[in-house]
Amino acid sequence: MKRRRKMVVGFVVGVVLVAVIILAVTRQKDIVIENVSKLTVTSSAFADGGMIPEEYSGNGKDISPELQLSRLDKAAVSLAVIMDDIDHPLVGVYNHWLIWNLPATENIPAEIPDGEQVAQLNNAVQGIGYGRHRYRGPKPPFGSHRYKYHVFVLDKKLDLPASAKKKDLLAAMEGHMLQYGYLVGEYAAK
């Protein structure tokens with residue numbers, strides 16, 4: 001009986017170790033962009049490193065915040081935004097929202113509507129993240145998480161279908177980034 005129990009415990013420990021190794025290997029990493037001009041990203045909704053108000057969360061209105069860009073490159077043709085939870089306990093970085101082909105302007109408006117294409121924003125395209133074709137605000141199951149709003153200034157509009165995911169968007173932007181910046185906010189579980 002004791003031998004059988006030891007075998008079961010050994011098996012369970014082995015399964016847990018394999019699961020931990022798989023999670024460690026497959027954890028998503030934060031976006032790192034080098035050799036691109038810096039873009040300053042701010043918001044009237046919250047300060048960099050500050051708390052994200054509830055109305056921009058899954059516990060509130062679940063609306064996107066306004067983002068302001070400083071010193072936008074004159075050669076800018078379009079913008080793209082990726083919003084990630086960078087403190088997800090299981091996967092590391094978890095994508096919440098992606099939108100591209102936004103007009104090249106210093107103000108990305110709040111409350112971008114749901115849908116594959118956003119007519120009010122020159123048919124900007126929203127892809128597949130946690131928020132499928134829409135902004136999906138912070139809503140951690142427990143604790144406090146940081147959320148990173150990445151903004152990319154591009155030298156062209158992207159030819160990507162609305163079925164594109166984060167990895168597809170990052171690949172399509174390769175070699176077309178003029179500027180890059182981000183804003184980080186924090187949100188705690190309710």
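For residues 53-74, the pairs satisfying salt bridge (charged side-chain N to carboxylate O under 4.0 Å, His left out) are E54-K190, D62-R134, D62-R136, with sequence neighbours left out.
The two residues A188 and P140 come nearest to each other via the heavy atoms C-CG, 4.1 Å. Of all non-hydrogen atoms in P65 and S43, the two that sit nearest each other are CB-OG, 4.0 Å. Closest approach of P103 to L79, counting heavy atoms only: O-CD1, 3.3 Å. Taking each heavy atom of P53 and A45 in turn, the nearest pair found is CG-O, 3.3 Å. The minimum heavy-atom distance between A80 and M173, with the atom names listed, is CB-SD, 3.7 Å.
Side-chain contact check for L154 versus L178: every heavy-atom pair is 4.5 Å or farther apart. Taking the side chain as every heavy atom from C-beta outward, I86 and Y94 never approach each other to under 4.5 Å. Taking the side chain as every heavy atom from C-beta outward, K29 and V93 never approach each other to under 4.5 Å. Here the side chains of I108 and V81 are in contact, with some heavy-atom distance below 4.5 Å. Between Q68 and V41, every side-chain heavy-atom pair lies at or beyond the 4.5 Å cut-off. Considering only heavy atoms from C-beta on, L169 comes within 4.5 Å of W100 through its side chain.
A donor-acceptor pair under 3.5 Å is formed between the side chain of D48 and the backbone N or O of V184. Side-chain N or O atoms of S78 include none that pairs as donor or acceptor with a backbone N or O of A104 at under 3.5 Å.
Linking Ile, Leu, Val, Met, Phe, Trp and Tyr whenever their side-chain heavy atoms come within less than 4.5 Å puts L67 and V153 in one cluster. Under a hydrophobic-cluster definition in which Ile, Leu, Val, Met, Phe, Trp and Tyr are linked whenever side-chain heavy atoms come within less than 4.5 Å, directly or via other members, V36 and V151 are assigned to different clusters. Residues L102 and L72 share a single hydrophobic cluster, defined by chaining ILVMFWY side chains whose heavy atoms lie under 4.5 Å apart. The hydrophobic clustering, which links ILVMFWY residues whose side-chain heavy atoms are closer than 4.5 Å, places V125 and I128 apart.
Between the OH atom of Y56 and the OH atom of Y135 there is a distance of 9.0 Å, given to the nearest 0.5 Å. Note that CG of N101 is 8.0 Å distant from CG of L160, once rounded to the nearest 0.5 Å. Separating the NE2 atom in H145 from the CG atom in D85 is a distance of 5.5 Å, to the nearest 0.5 Å. Atom-to-atom distance recorded for L39:CG and F152:CZ is 10.5 Å, nearest 0.5 angstrom. Atom CG of residue L158 and atom CG of residue D168 lie 11.5 Å apart, to the nearest 0.5 angstrom. One distance of note links CD of Q126 with CG of L121; it measures 8.5 Å at 0.5 Å rounding.
Y180 meets the side-chain hydrogen bond (donor to acceptor under 3.5 Å, both in side chains) test with H150; sequence neighbours excluded. For K139, the side-chain contact (heavy atoms from CB on, under 4.5 Å) test picks out N59, with sequence neighbours left out. For Y147, the ring pair (Phe, Tyr, Trp, His ring centres under 6.0 Å) partners are H96, not counting sequence neighbours. For the ring pair (Phe, Tyr, Trp, His ring centres under 6.0 Å) test, residues two or more places apart in sequence or in another chain that qualify with F46 are Y149.
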Residue pair L170, I82: steps toward the side chain to side chain contact (heavy atoms under 4.5 Å, CB included) verdict = CA-CA 9 Å; L170 288 168; I82 295 175; 3.9 Å; yes

Begin from the C-alpha positions of E186 and I52 and carry the test side chain to side chain contact (heavy atoms under 4.5 Å, CB included) through to its verdict.
-> CA-CA 6 Å; E186 189 172 341; I52 299 172; 5.9 Å; no

Using the side chain to side chain contact (heavy atoms under 4.5 Å, CB included) rule, take T40 and L69 through it: C-alpha gap first, then chi angles, then the decisive distance, then the call.
-> CA-CA 6 Å; T40 302; L69 316 177; over 6 Å; no

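Salt-bridge formation is detected for the pair D84/K166: a Lys NZ or Arg NE/NH1/NH2 atom is positioned less than 4.0 Å from an Asp or Glu carboxylate oxygen.
Side chain to side chain, Q179 and S37 fail the donor-acceptor criterion of an N or O pair below 3.5 Å.
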Which atom pairs, donor and acceptor, lie under 3.5 Å between side-chain atoms of residues 110-120 and protein residues at least two apart or in another chain?
none

